[in-house]
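Indexing begins at 1, ligand by ligand and atom by atom, following the structure's order. These values consider heavy atoms only, across backbone and side chains, with no hydrogens, waters or symmetry-generated copies.
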Amino acid sequence: MEIITDPASMQKLSKSLLSAGETIGLVPTMGYLHEGHISLIKKARKDCSMVIVSIFINPIQFGPGEDYGTYPRDTQRDRSMAEKAGADYIFKPSVKDMYPDKFSTFVEVVGLDSIMCGAMRPGHFRGVCTVVIKLFNIIYPDRAYFGLKDYQQYLIIKKMVKDLELPVKVIGCPIVREKDGLAMSSRNKHLSASERKSASILYKNLLLAKEKINNGENNLIKLKKICEENIKASADVLKVDYFDFRESETLEEIGTLKPEAGKKQIKKLLIAGAVRVGKTRLIDNLILNISNF
Ligand code: PAF
């Protein structure tokens with residue numbers, strides 16, 4: 001399987017694929033592939049005649065002191081995993097080619113990008129949107145596949161595509177989990193044995209919140225506190241960045257599920273959290289259908 005590194009050559013290839021009638025599915029990644037990525041590649045393989053996986057650790061989506069320098073890298077491993085899963089090409093540009101000297105254009109989805117992960121990582125989603133739109137302009141995908149572990153990222157990219165009339169269909173794919181429920185992530189590699197044991201505490205509390213709501217709890221402020229305390233009490237958890245209940249499309253924060261006069265009852269509730277286990281930041285979420293309330 002060919003690895004293309006030059007954006008101009010990738011553009012040329014994509015144009016020729018499209019004029020030959022192919023449909024292009026893009027799986028954007030930062031590499032160090034895991035089963036979550038593989039599920040995206042397999043879905044793209046089913047939907048599209050050509051599958052391109054991009055591998056680019058995007059410096060502009062990392063803040064100062066974040067893990068850009070230590071983000072795991074292994075091109076040979078990525079290549080064989082991507083090929084086995086059915087990818088046709090890998091696009092792996094250099095930082096210099098993506099951001100040449102004097103690069104000064106950025107894309108922001110204002111509002112959605114300043115809450116939850118955006119509040120904790122200022123500028124993160126601006127970096128994500130900028131690289132994703134560049135990838136779209138280099139690869140011309142018909143469809144692009146994103147994991148729903150990064151749910152806020154998925155919503156922001158969908159909004160960018162809608163607002164800017166980009167001719168690409170954004171597809172969100174289910175979270176793939178380890179046996180104990182931990183959402184798969186390239187960053188899990190950094191967890192020590194003891195941190196790895198603690199890491200599923202976030203998912204356990206998402207499930208606990210779901211169970212309590214299903215059993216009739218509607219005070220989400222109280223529930224948030226309980227879950228945050230549970231997570232904080234777990235060994236190796238240094239910080240809970242957030243544990244939020246939000247409407248699943250607008251990301252409006254929800255404090256109660258009690259029907260309120262003049263307020264429309266929400267249909268889908270996003271329960272999402274971000275925690276720091278040792279030096280590793282983990283995120284996870286689930287969506288709860290509450291139309292029965
Ligand atoms: O989700 C990721 O791996 C990255 O944020 C993405 C979408 C590849 C952009 O760098």
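Considering both main-chain and side-chain atoms, Gln61 comes within under 3.5 Å of ligand 1 through a nitrogen or oxygen pair. Note: no N/O pair closer than 3.5 Å links Asp150 and ligand 1 by distance alone.
Under a cut-off of 6.0 angstrom, the local environment of NZ in Lys149 is crowded, with over 12 non-hydrogen atoms contributed by other residues, nucleotides or ligands.
Other members of the hydrophobic cluster containing Met1, listed by chain and number, are Ile3, Val27, Leu33, Ile38, Leu40, Ile41, Val51, Val53, Ile55, Met81, Ile90, Tyr145, Ile171; membership follows side-chain contacts under 4.5 Å among ILVMFWY residues, whether direct or relayed.
Contacts between Thr29 and ligand 1 below 4.0 angstrom, taking non-hydrogen atoms only, involve the backbone exclusively.
Interface atoms of ligand 1 facing Pro28, defined by a heavy-atom separation under 4.0 Å, are 8 (C). Close approach of ligand 1 to Val131 is summarised as follows: ligand atoms under 4.0 Å from at least one heavy atom of the residue are 9 (C), 10 (O).
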Give every donor-acceptor pair under 3.5 Å between a side-chain atom in residues 98-113 and any protein atom, sequence neighbours left out.
from	atom 1	to	atom 2	distance (Å)
Tyr99	OH	Asn58	OD1	2.6
Glu108	OE2	Arg126	NE	3.3
Asp113	OD1	Gly111	N	3.3

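For the pair Asp67 and Arg187, the tightest heavy-atom approach, listed with the atom from each and the gap, is OD2-NE, 2.7 Å.
The option with the heavy atom closest to atom 3 (O) of ligand 1, from among Met30, Lys149, Lys134, His124, is Met30.
Considering only heavy atoms from C-beta on, Val275 stays 4.5 Å or farther from Leu238 through its side chain.
For the atom pair CZ of Arg143 and OG1 of Thr23, the computed distance is 7.5 Å after rounding to the nearest 0.5 Å.
Regarding atom 1 (O) of ligand 1, its nearest protein heavy-atom neighbour is Gln153 NE2, 2.8 Å.
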